[in-house]
Visitor: 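I'd like to ask some things about the structure below.
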Amino acid sequence: MNIIGLYNYWIVVVLMMIGFYVVIAHENLIKKLVGVSIFQTSVFFFYISMGKISGATPPILDDHYQLYSNPLPHVLILTAIVVGIATTALGLALVVRIQEAYGSIEEHEIQDQDTQDQMESRLEAYGFRKKHVLSVQNLDE
Amino acid sequence: METLIDIVLLSFLVLTALAVAKMHDLFAVVMLSGIYSLLTASLFLDLDAVDVAFTEASVGAGISTLLMLASLKLVGRYETRTRYRPMLALGVVLATGALLIYGTLDMPHFGSADAPVHQHVAPRYLNDSMGEVGVPNVVTSVLASYRGYDTLGETLVVFTAGIGVISLLRVSRRTKQQEMQKVPADMQQQIILRVVVKWLLPLILIFALYVQFHGDYGPGGGFQAGVIFAAGIILYTMLFGLSNASRVFPPKLLELLAALGVLLYGGVGIVCMLLGGNFLDYNSLRHDPVHGQHLGILLVELGVGLTVAAVMITIFFKFTWRTVKHKYLEK
Amino acid sequence: MTAETLLLLTILVPLGAVIGIVALGHSPNLREAVSLTASLVLIYLTVSLYKITGAGAAVSWEGLHILPGLVLFFSIEPLGMLFSLIGSFLWLITTIYSIGYMRGHQEKNQTRFYICFAIAISSVMGISYAGNLFTLFIFYEILTLSTYPLVTHAGTEKAKLGGRVYLGILLTTSILFLLLAIIGTWYIAGTVDFHPGGIFDQSHTLAAAVLLPLYVFGIGKAAIMPFHRWLPAAMVAPTPVSALLHAVAVVKAGVFSVLKICTYIFGFDMLNRLPTTNFLLYLAGASVIIASLVAMKQDNLKARLAYSTVSQLSYITVGALLANSAGALGGAMHIGMHAFGKITLFFCAGAIMVATHKTEISDMRGLGRRMPVTMTAFFIGSLSIIGLPPCGGTWSKWYLMIGTIEADKLILMVVLMVSSLLNIAYLLPIPIKGFLYPDPDDKKGLRQVKEAPLPSLVALSLTSVGCIVLFIYPQPLYELGTYFLEAAGVHGR
Amino acid sequence: MIDHLPILQVIVPLLGAPLCLIVRSPRAVGLFALLTSTITFLVSCLLLQQVLLHGTIAYELGGWAAPWGIEYRIDYLNSYLLLLVSAMGAIVLVASQTSIDRELPRSRHMLFYTAYLLCLTGLLGILCTGDAFNVFVFLEISALSSYTLIALGNDRRALTASYQYLIMGTIGATFIIIGVGLMYMMTGTLNMYDLAQRLPEVHNSKTVLSAIGFFIVGVCLKLALFPLHLWLPNAYAFAPSIATAFLAATSTKVAVYVLIRFIFSVVGPEFANTVLPLQEIFVVLGISGIFATSISAIYQLNIKRLFAYSSVAQIGYMILALAIGTPLGLTATLLHLFNHALMKAALFLAIGAVVYRVGSSQLSHFAGLGRQMPWTMAALVAGGLSLIGVPLTVGFVSKWYLVLALLENGWWPLTVLVLFSSLLAVIYVWRIVEWVYFASPRIFIEEVKDPPLSQLVPIYVLVFANFYFGIDTSLTVGVSKRAAEALFGGIFL
């Protein structure tokens with residue numbers, strides 16, 4: 001069993017880094033969220049790996065078995081998965097609203113529009129009138 | 001054999017992750033991320049984490065993929081190929097990776113039974129939980145009793161996400177009333193599916209209840225049950241339309257149920273306090289501590305199930321209503 | 001009333017006046033009556049205190065233990081007494097003057113003006129009675145902040161700019177150097193209390209050598225070059241403010257603090273040992289000369305007076321740094337003498353502005369015939385600043401000169417003398433032009449006397465008379481000065 | 001019930017949040033949330049009293065002993081912060097009763113208050129707990145609810161700000177669980193105090209080192225340490241004013257707490273400093289953060305954003321003080337933690353009042369408000385003065401301790417830099433003052449006047465606190481000192 005020694009962990013690290021890279025390098029807001037979930041899932045995998053004992057069974061007590069894997073990482077990761085889905089759901093809701101407000105979910109396009117907003121408010125500070133911006137919020141209420 | 005499965009699955013995982021990073025069709029990316037979750041779930045199973053595998057499959061591959069697809073419907077399918085600035089990102093990622101790899105060098109090897117993790121804290125759960133809590137599934141006893149407070153927090157996280165999604169995607173009543181009748185379900189024309197689901201739905205819901213109440217003995221519990229229950233309702237919604245579904249579950253009821261779940265969990269804790277124990281000390285619920293633990297776990301799992309199901313259904317409904325609103329606005 | 005109550009009242013009375021001014025802001029007459037009453041009460045209080053302490057009683061009050069070492073602590077010593085007497089007396093006169101000026105000039109926001117004025121006076125009282133550096137620092141900062149709205153009173157772009165320079169330099173120096181020096185002192189000596197003979201001992205020489213320049217530069221209000229820019233910048237303020245700032249409150253608070261720190265924190269023995277003292281002394285000497293030279297080039301009357309102030313303040317700094325009894329005595333007396341002289345000059349500048357709207361010196365030819373009282377007062381004030389009899393400035397400069405000789409620093413004596421000559425060169429031409437040149441606007445020869453409003457005229461007459469009285473009867477200042485030397489533990493003479 | 005105080009602290013708002021959904025009516029929900037947070041505040045007062053009387057209080061959740069179950073452990077440090085957070089939670093809610101009407105449609109009030117209470121729960125949960133994984137859970141509760149609160153802002157940029165925060169926050173949280181996981185791997189325990197005992201055995205392992213690295217980077221993302229602060233300015237600028245006031249006063253403070261708790265109670269200060277170059281990193285990041293973000297603040301046109309940048313700068317001060325690595329330095333961090341919350345809450349509530357009346361937080365909309373909203377603007381200036389660190393305000397007290405701690409280590413250059421950076425605060429505060437008092441008003445309508453009492457009272461309670469705790473420091477300094485000494489002295493009290 002020891003052949004793979006740390007192999008498992010190294011793969012986990014590679015996975016984490018792919019996820020992490022997707023989060024910070026990509027500009028599409030949905031893709032970032034996919035990256036986050038890959039990143040997190042890999043961390044979960046890391047926790048579960050450390051709870052494993054070779055030749056053991058799942059920690060559901062039964063007279064037939066003696067050796068059980070460690071239940072504590074499982075409990076932690078159950079919680080973490082829930083936190084993960086909660087974050088994803090909220091993030092997606094935000095993405096939907098951003099799409100409605102900006103007409104895009106690409107980071108740089110949003111930034112361009114924000115810069116324009118900022119220019120306008122800068123002009124406004126020096127006495128120019130701000131263009132009317134239709135916000136989706138108005139439609140909602 | 002286990003090792004072989006392990007290696008194969010891990011390689012698949014890496015390939016999937018790379019594909020996710022490479023592809024620009026978001027639909028494919030989302031499906032791949034679902035596959036990624038499913039593969040992870042299989043690996044969890046291989047690593048004896050049955051409860052986690054169950055949850056990852058239902059959440060990562062199920063709900064999460066579903067929500068992503070729902071939002072793709074609203075935001076468009078393709079990622080534009082744009083100027084990345086990957087060097088900085090790559091630098092950060094490589095530095096992080098290097099730190100992690102450095103960290104692994106002193107780690108106890110995978111699967112070794114003498115790792116510190118297995119020496120401290122955990123043995124007590126395995127050895128004494130049967131006597132102290134009386135539940136064969138140690139994961140359940142740790143989740144709901146030893147670390148029951150974490151689980152209360154977890155329920156609250158779900159609740160918080162629900163509040164967040166509601167406040168972001170709320171649609172005014174006017175829009176709803178005008179559009180309610182006219183919206184066809186997404187898959188209305190799939191007659192075969194409709195028939196099958198009509199038969200399947202009660203089974204799904206019953207299975208949810210089984211998972212809810214059988215969590216003490218096998219994998220499962222409030223969270224998984226809530227998700228399965230929600231999945232059943234979501235399936236129904238897809239086939240029979242949002243209007244029908246929200247007649248059964250009006251938004252207010254769902255919000256109330258979500259709140260009640262948390263209150264039930266917290267309430268059990270408070271009752272324990274009033275009966276002389278610490279917060280969430282189920283021993284004080286009954287004369288016999290083990291009976292008390294049983295009752296406590298049953299109730300808090302029910303609370304978790306309630307909140308999770310209600311929040312998941314709410315979130316799905318909100319996303320769907322948003323689609324309806326968009327159609328309305330297009331007209 | 002106990003002496004302690006009196007002491008606190010001197011600080012609280014001007015603050016109390018604030019409430020009255022706010023409440024009666026809608027009725028200018030009542031509002032100014034409050035200011036006047038408060039200033040009269042203040043004079044009464046300070047004079048009573050003077051009598052009590054003159055009889056040898058030690059008066060102090062302690063409260064608000066903020067942190068260990070940071071205690072609000074007031075303690076009356078002669079130099080503070082002197083400063084508070086001058087401050088309270090000149091508040092009365094400035095108030096009288098402002099009534100005429102502000103109304104004559106139809107200024108806006110007069111209520112705010114009187115409020116800030118009263119707060120500034122309260123902090124002057126706080127500074128004069130401060131028993132430790134922390135208390136001094138608090139009131140020093142309150143003074144800065146409360147005079148800021150006065151400087152920017154006009155609200156114009158230029159006023160804002162002036163306010164920025166004012167606040168910028170004063171806060172920068174006080175936070176960057178003064179606060180650092182105070183914290184350093186607390187850290188090194190373990191106390192920030194004023195103590196006769198200083199609080200440092202032999203072993204602290206090196207640290208003290210670093211702290212001294214921090215103090216001297218940190219007290220930006222003393223306007224030693226190169227941190228003097230705020231003073232000309234503050235000239236955008238209404239003239240009563242300039243009078244208050246440049247004669248009484250702000251700048252005097254600065255040099256007062258320098259003097260007090262030199263005597264009560266460092267002590268003359270320590271100062272004489274420090275390598276940095278000489279450097280600062282010559283810097284102050286350079287300030288004296290350079291500021292005088294710059295003053296000569298100014299055509300704007302207020303700007304010229306401002307640079308003159310910069311120069312005169314450095315006299316006092318020189319006096320403090322000479323670290324001998326004659327220098328300190330001269331410095332202390334010069335606080336009073338210069339206050340009377342310079343406030344007279346500013347009052348005159350303001351009176352000219354109200355009556356004729358003239359600000360440039362080149363326009364003031366022949367003005368003496370239209371405003372004889374003002375110009376005479378200006379002449380007297382100039383004499384006092386120059387240090388010529390029969391005006392009070394003579395005495396203080398006299399002692400300062402002796403101080404330089406005692407300290408064996410003949411270069412400085414030359415500096416002071418040259419500066420006096422320069423004073424003559426930039427001050428006397430104004431009354432000369434006023435009296436001896438014909439008025440270009442007055443072609444028809446109609447010599448109509450048109451002075452400033454009566455309250456202003458009264459005020460400037462009073463101060464100019466004061467200049468002369470102080471020549472004939474300088475005893476109060478002299479006595480306080482000698483008490484100060486005793487209290488500071490110097491028995492030179 | 002006294003025994004149950006630790007859990008009541010968290011459980012009251014925890015159950016209050018879902019109850020909001022049952023109350024539903026907008027007005028009633030506001031009052032209900034206020035009631036809940038007031039009870040929470042009272043609990044925290046009792047708790048602090050208990051801790052001061054009896055020392056550390058441990059509470060076993062579920063009745064399971066420490067490393068097996070989750071434990072709440074309240075000592076000086078967290079009882080002090082519990083008081084702060086719950087007090088801010090209650091005070092801000094008083095103002096929200098009216099302020100929220102202007103910024104949110106009525107249908108969202110219920111959701112706002114629910115999210116608010118959830119956020120409060122999360123923050124209090126982090127403070128109470130003695131379990132490393134439990135920190136993560138409550139961190140996420142507070143994070144998810146803050147994303148919601150921020151996204152409720154009116155501007156569309158609130159959405160992107162919230163998204164950006166979500167991504168950064170999630171990365172931070174994931175780093176934290178990686179760190180916790182690695183530590184758990186080496187010790188087999190999650191309880192902080194158990195960890196502290198078991199970590200020394202494996203101190204030299206590479207795994208523990210990288211665990212510490214991950215945890216600290218994760219927390220620094222959460223506390224917006226420069227240069228990881230990019231999410232903060234927009235988040236604060238576009239959130240509803242009430243949310244900004246609450247988050248600015250509490251959330252980063254709690255993250256700083258996590259850092260302190262981790263370094264001192266879990267890893268141990270000696271180890272953290274000897275093995276990792278933490279001190280150097282923190283000093284460099286702290287001081288460069290102070291300057292970079294203070295300068296950014298000067299160039300902002302939106303006041304909320306301006307003060308958001310200033311918040312990042314203030315975090316720099318805390319981290320710098322922490323890096324000094326002495327009890328005095330830690331005291332300064334803790335003091336500034338408390339004091340900065342007081343200032344920022346006052347400032348953001350005052351800005352909220354302006355948004356309530358004027359509808360914008362753009363600098364140009366503040367023109368001439370000094371006349372139209374005199375009380376609000378006075379509060380704004382008072383808060384600004386406190387931020388600068390004027391004596392008699394809390395800002396001075398924390399800066400005094402910071403400088404004292406720097407001097408104790410002989411770090412003169414840093415001392416000068418810190419004092420110099422206060423001047424940057426002067427600049428950005430004074431830009432506002434000039435707009436407020438010296439620009440002519442944009443809108444001449446009757447409605448622009450001071451906000452209703454329900455907003456003015458909390459603002460003035462905070463302003464009063466700014467001065468009160470600047471004068472009577474016995475509580476803040478006393479508790480900070482005891483907490484700092486306890487953290488240095490040993491982990492188990």
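Side-chain atoms are counted along with the backbone in the values below, which use heavy atoms only and exclude waters and symmetry mates. Here is the naming used below: chain letters follow the sequence lines, and residue numbers restart at 1 for every chain.
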Visitor: Could you grab the distance from atom CG of B/L45 to atom CD1 of A/I48, nearest 0.5 Å is fine?
Guide: 11.5 Å

Visitor: Evaluate the side-chain proximity of A/Q99 to B/L74: yes if any heavy-atom separation is below 4.5 Å, no if none is.
Guide: no

Visitor: Please name the pair of heavy atoms, one in A/L15 and one in B/A17, separated by the smallest distance, quoted to 0.1 Å.
Guide: CD2-CB, 4.0 Å

Visitor: For A/I53 and B/D48, work out which heavy atoms get closest and say how close.
Guide: O-OD2, 4.3 Å

Visitor: So which residue, B/T16, B/V20, B/V308, ends up with the most heavy-atom pairs under 4.5 Å with chain A?
Guide: B/V20

Visitor: Side chain, backbone, both or neither: which part of A/L90 has a heavy atom under 4.5 Å from chain B?
Guide: both

Visitor: Of the backbone (N, CA, C, O) and the side chain (C-beta and beyond), which part of A/V96 lies under 4.5 Å from a heavy atom of chain B, both, or neither?
Guide: both

Visitor: How many angstroms lie between atom CG of A/L61 and atom OH of B/Y125, to the nearest 0.5 angstrom?
Guide: 14.0 Å

Visitor: Given A/I11 and B/L13, is the side chain to side chain contact (heavy atoms under 4.5 Å, CB included) satisfied, shown in steps?
Guide: CA-CA 9 Å; A/I11 291 292; B/L13 267 183; 5.7 Å; no

Visitor: A side-chain contact here means heavy atoms from C-beta on lying under 4.5 Å apart; do B/Y36 and A/T41 qualify?
Guide: yes

Visitor: Looking at B/T96, B/L100, B/V93, which one forms a side-chain contact (heavy atoms from CB on, under 4.5 Å) with A/M16?
Guide: B/L100

Visitor: Which bit of B/V121 comes within less than 4.5 Å of chain A, counting heavy atoms only: side chain, backbone, both or neither?
Guide: side chain

Visitor: Within this structure, what is the NE2-OH distance for the pair B/H109 and A/Y9, rounded to the nearest 0.5 Å?
Guide: 9.5 Å

Visitor: What distance separates A/Y21 OH from B/L18 CG, expressed to the nearest 0.5 Å?
Guide: 11.5 Å

Visitor: Compare every heavy atom of B/L143 with every heavy atom of A/L78, then report the nearest pair and how far apart it is.
Guide: CD1-CD1, 4.0 Å

Visitor: Identify which part of A/I18 has an atom lying under 4.5 Å from any heavy atom of chain B, answering side chain, backbone, both or neither.
Guide: side chain

Visitor: Measure distances from B/F159 to the heavy atoms of chain A and classify the residue's part below 4.5 Å as side chain, backbone, both or neither.
Guide: neither

Visitor: Do B/V92 and A/I24 have side chains that get closer than 4.5 Å, going by heavy atoms?
Guide: yes

Visitor: With under 30° as parallel and over 60° as perpendicular, where do the rings of A/H26 and B/H24 fit, or are they tilted in between?
Guide: tilted

Visitor: Tell me, side chain or backbone of B/I315 under 4.5 Å from chain A's heavy atoms, or both, or neither?
Guide: side chain

Visitor: How many angstroms lie between CG in A/L92 and CZ in B/F319, if you round to the nearest 0.5 Å?
Guide: 5.0 Å

Visitor: Tell me, do A/L72 and B/R147 make a side-chain contact under 4.5 Å, heavy atoms counted?
Guide: yes

Visitor: Pick one of side chain, backbone, both or neither for B/P219, based on which atoms fall under 4.5 Å of a heavy atom in chain A.
Guide: both

Visitor: In terms of heavy-atom proximity below 4.5 Å to chain A, should B/L26 be classed as side chain, backbone, both, or neither?
Guide: side chain

Visitor: With respect to chain B, which residue among A/L76, A/V82, A/I77, A/T87 yields the maximal number of heavy-atom pairs within a distance under 4.5 Å?
Guide: A/V82

Visitor: What heavy-atom pair brings B/R322 and A/E100 nearest, and what distance separates the two atoms?
Guide: NH2-OE1, 2.7 Å

Visitor: Let me know if B/T155 has heavy atoms under 4.5 Å from chain A in its side chain, its backbone, both or neither.
Guide: neither

Visitor: Report yes if the side chains of B/D51 and A/H74 come closer than 4.5 Å at any heavy-atom pair, otherwise no.
Guide: no

Visitor: Any heavy-atom pair between the side chains of A/F44 and B/V52 that's under 4.5 Å?
Guide: no

Visitor: Flag the pair B/L47 / A/F45 as yes when at least one side-chain heavy-atom distance between them is below 4.5 Å, and no otherwise.
Guide: yes

Visitor: To the nearest 0.5 Å, what is the distance between CD1 (A/I38) and CG (B/L32)?
Guide: 8.5 Å

Visitor: For A/I60 and B/Y217: C-alpha separation, side-chain torsions, deciding distance, then whether side chain to side chain contact (heavy atoms under 4.5 Å, CB included) applies.
Guide: CA-CA 7 Å; A/I60 296 174; B/Y217 305 98; over 6 Å; no

Visitor: Please flag which part of B/M312 lies under 4.5 Å from any non-hydrogen atom of chain A: side chain, backbone, both or neither.
Guide: side chain

Visitor: So which part of A/I30 gets closer than 4.5 Å to some heavy atom of chain B, the side chain, the backbone, both or neither?
Guide: side chain

Visitor: Which heavy atom in B/Y78 sits nearest to a heavy atom in A/E106, and how many Å separate them?
Guide: O-OE2, 4.5 Å

Visitor: Among B/V59, B/D114, B/L72, B/V30, which residue has the highest count of heavy-atom pairs closer than 4.5 Å to chain A?
Guide: B/V59

Visitor: Set out, in order, the CA-CA distance, both residues' side-chain angles and the distance that settles side chain to side chain contact (heavy atoms under 4.5 Å, CB included) for A/V34 and B/S33, then state yes or no.
Guide: CA-CA 7 Å; A/V34 174; B/S33 90; 3.7 Å; yes

Visitor: Please state whether the side chain, the backbone, both or neither of A/T88 comes within less than 4.5 Å of a heavy atom of chain B.
Guide: side chain

Visitor: Just to verify, what does B/S37 make a side chain to side chain donor-acceptor pair (under 3.5 Å) with, not counting sequence neighbours?
Guide: B/E56

Visitor: What residues form a salt bridge (Lys or Arg N to Asp or Glu O under 4.0 Å) with A/D62, not counting sequence neighbours?
Guide: none

Visitor: Quick check on A/L29 against chain B: is it the side chain, the backbone, both or neither that has a heavy atom closer than 4.5 Å?
Guide: neither

Visitor: Within the 4.5 Å heavy-atom criterion, are A/P58 and B/V50 side-chain neighbours or not?
Guide: yes

Visitor: Which bit of B/T40 comes within less than 4.5 Å of chain A, counting heavy atoms only: side chain, backbone, both or neither?
Guide: side chain

Visitor: Give a yes or no on whether the backbone of B/A21 and the side-chain of A/K31 come within a donor-acceptor separation of less than 3.5 Å.
Guide: yes

Visitor: List the steps, then state whether side chain to side chain contact (heavy atoms under 4.5 Å, CB included) holds for B/L169 with A/R97.
Guide: CA-CA 7 Å; B/L169 297 184; A/R97 284 289 304 278; 3.9 Å; yes

